[in-house]
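The block underneath contains the structure these notes are about, expressed in structure tokens.
Here the structure is a predicted model, which means the values were calculated and not measured. Residue numbers begin at 1 in each chain, while the letters A, B, ... track the order of the sequences. Both backbone and side-chain heavy atoms feed into the values below; hydrogens, waters and symmetry mates do not.
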There are 2 protein chains.
Amino acid sequence: MTSTYAVSESMEDYLKTIFKVINKQHVARPKDIAKILKVSAPSVTGALRSLAEKEFIHYSPYDLITLTQKGENAAKDVIRRHDVLQNFFEKVLLVEQKEADEVACRMEHVVSPNIMDRFISFIEFLEICPRAGEKWISGFGYYCDHDGKLDNCEKCIELTLENLREKKRKGGNEAMVVKKLNELEPGNKGRVVKVAVSGETGRRLVEMGVTAGTMVEIEKVAPFGDPIDIKVKGYHLSLRKEEAAGITIEPV
Amino acid sequence: MTSTYAVSESMEDYLKTIFKVINKQHVARPKDIAKILKVSAPSVTGALRSLAEKEFIHYSPYDLITLTQKGENAAKDVIRRHDVLQNFFEKVLLVEQKEADEVACRMEHVVSPNIMDRFISFIEFLEICPRAGEKWISGFGYYCDHDGKLDNCEKCIELTLENLREKKRKGGNEAMVVKKLNELEPGNKGRVVKVAVSGETGRRLVEMGVTAGTMVEIEKVAPFGDPIDIKVKGYHLSLRKEEAAGITIEPV
DNA sequence: TGACAGACTTAGGTTCGTCTAATATAATTA
DNA sequence: TAATTATATTAGACGAACCTAAGTCTGTCA
Ligand SMILES: [Mn+2]
Ligand SMILES: [Mn+2]
Ligand SMILES: [Mn+2]
Ligand SMILES: [Mn+2]
């Protein structure tokens, strides 16, 4: 059984750490990496040499460390896997943050791309399907904390059904509401209706499979609405305002 | 970060394999182990020496291999972790069996006891809470296969609510139905109402946290109803008929 | 500008899990 | 029972990922 990803678990953690350090303080130094990963300085030197050889980073002794494009992609991918898993543990299994983070950091290296996608879809479905959603998860919390007792499910279902009908009544009057991605606010979620973005970003979106039907969440909007940070399929993505304007969304 | 479990990932896989081989053909030989784990024969010899030293197995060169109690416990624990994960991937995330098995075999070594418990509770909750269950999971399947389209949720919720009320009407007339565990049939599930089992098995049940509220599933019943194989909290357990008779169940 | 402290690398060693080649033992079969 | 075949072990080596101890580089500051 060949390993699922291009580098070893250890190297993935180094890449992840380098990416995070660079994005936080512009430049990554071996000392920081050693501290974060709780390894000795010589271990870091060794890892750097190995990563440079495989062309994940630019590096020579005493030089500063930068990620190659390949390295950045790999790092982002590990981080995505980590985030999806941690999110699932925290938001669905209601596990405490520290443990969710720790276990995600071990699982991130072994989860398959396919199962990743399923986790993402599952969480989306959970958020969208009116049978489930937040209320249902809190019911799971009750179940866990009370030795397998179910909390009053009937009321909850009635309410759900009520809301669903309400929404439908309204929906019958107005046409499907769509907005441009740049018109949404942090925390808003929606489903992609159309993508009309050219250039590198457009290509990246297609590559990532961001097409009609994909769920998008607004994470952060900078002053003057540029750039806009979004989450799609577990990826964190930063869009220019004009790029975001090319994406049509049906808010959820 | 110290590793979560007592032995390395590799050794856990050896233990698991030894357990399975013994339970299948009574005696484990290095050749079988090598074949299953896809390693060379000398690798097996090395692993056996190492496991013997740590007292997980009884072994000396050319001798036959048996698990110590410690080894058997460890093996069962790995298998439980594996099964719970694989089950979640297959039954909840609707992942195909081969991949579910492979990824479970990697994750089994890094999932924490706590998150294990959550997975188990989550699956139970999914099976019990009338908002979710099988119908809901099949809705998730539809969602995955149709690019994020929701299948007619309203009808499904109405039906669920209907069933729930139906059940309640019936439930109002008759008192809570309870049975003895030995009266159930393979595939039946239920919630433990009372445990009155003495001896080693009783102690084991308590250790495993099998108390009022725990979900139990009947897996297999031998001819004449003895022994009875059950699944509790992810563990597979074999009970004598008289032991099973000491456990009161409310069928679900 | 030159010393020095702190950061980084080199040198060299350990453990783990794997391998191949050679050897020893056990089982089968003529 | 002797020869042959199948299995298992020993010997020795390797790469990955870590470590400690000992040097080397560099930015800072007197
Ligand atoms: Mn994290
Ligand atoms: Mn990690
Ligand atoms: Mn399996
Ligand atoms: Mn495994």
Original post:
Using a cut-off of less than 4.0 Å, is there contact between a side-chain N or O of B/Arg49 and OP1 or OP2 of D/dT10?
Top reply: yes

Original post:
Side-chain N or O of A/Ser8 less than 4.0 angstrom from OP1 or OP2 on D/dA17?
Top reply: yes

**OP:** Output yes when at least one side-chain N/O atom of B/Ser50 is less than 4.0 Å from OP1 or OP2 of C/dC16, else no.
**Re:** no

Original post:
Side chains of B/Asp63 and B/His58: do they bring a donor and an acceptor to under 3.5 Å?
Top reply: no

Original post:
With a 4.5 Å limit on heavy-atom distance, are the side chains of B/Asp101 and B/Phe89 in contact?
Top reply: no

Original post:
Is there a donor-acceptor pair closer than 3.5 Å between any side-chain N or O of B/Arg118 and the backbone N or O of A/Leu93?
Top reply: yes

Restricting to nitrogen or oxygen on both sides, can you table the protein-nucleotides 20-24 of chain C pairs closer than 3.5 Å?
none

Original post:
When the distance from NZ of A/Lys54 to C1' of D/dA17 is rounded to whole Å, what number comes out?
Top reply: 11 Å

Subject >> Atom pair distance, as rounded to whole Å: CE in B/Met11 and P in C/dC16 >> reply: 9 Å

Original post:
Tell me: NZ of A/Lys38 to P of D/dC18, nearest whole Å?
Top reply: 13 Å

Original post:
Atom CD1 of A/Ile33 and atom C1' of C/dA7: how far apart are they, to the nearest Å?
Top reply: 13 Å

Atom pairs and distances, side-chain donor-acceptor, residues 45-55 of chain A, under 3.5 Å, sequence neighbours left out:
| from | atom 1 | to | atom 2 | distance (Å) |
| --- | --- | --- | --- | --- |
| A/Thr45 | OG1 | A/Ala41 | O | 3.4 |
| A/Ser50 | OG | A/Lys54 | NZ | 2.9 |

Subject >> Rounded distance (Å) that lies between atom C1' of D/dA8 and atom CG of B/Leu48 >> reply: 10 Å

Original post:
Quick one: A/Leu37 CG to D/dC18 P, roughly how many Å, whole number?
Top reply: 8 Å

**OP:** Check whether any side-chain N or O of A/Tyr59 sits under 4.0 Å from OP1 or OP2 of C/dC8, and answer yes or no.
**Re:** no

Subject >> Nearest-angstrom distance from the residue atom OH of A/Tyr14 to P of D/dA16 >> reply: 14 Å

Original post:
Can you name the closest pair of heavy atoms from B/Ala6 and B/Phe56 and give their distance?
Top reply: CB-CZ, 4.5 Å

**OP:** Rounded to the nearest angstrom, tell me the gap between atom NZ in B/Lys35 and atom P in D/dA6.
**Re:** 14 Å

Subject >> Per B/Thr45 side chain, nearest of listed nucleotides D/dA17, D/dT9, C/dT9 >> reply: D/dT9

Original post:
salt bridge (charged side-chain N to carboxylate O under 4.0 Å, His left out): which pairs involve residues 88-98 of chain B, sequence neighbours left out?
Top reply: B/Lys98-B/Glu102

**OP:** For D/dA6, take OP1 and OP2 only and decide whether either is under 4.0 Å from a side-chain N or O of B/Arg29.
**Re:** no

Original post:
Would you say the ring centroid of B/Phe88 lies under 6.0 angstrom from that of A/Phe88?
Top reply: yes

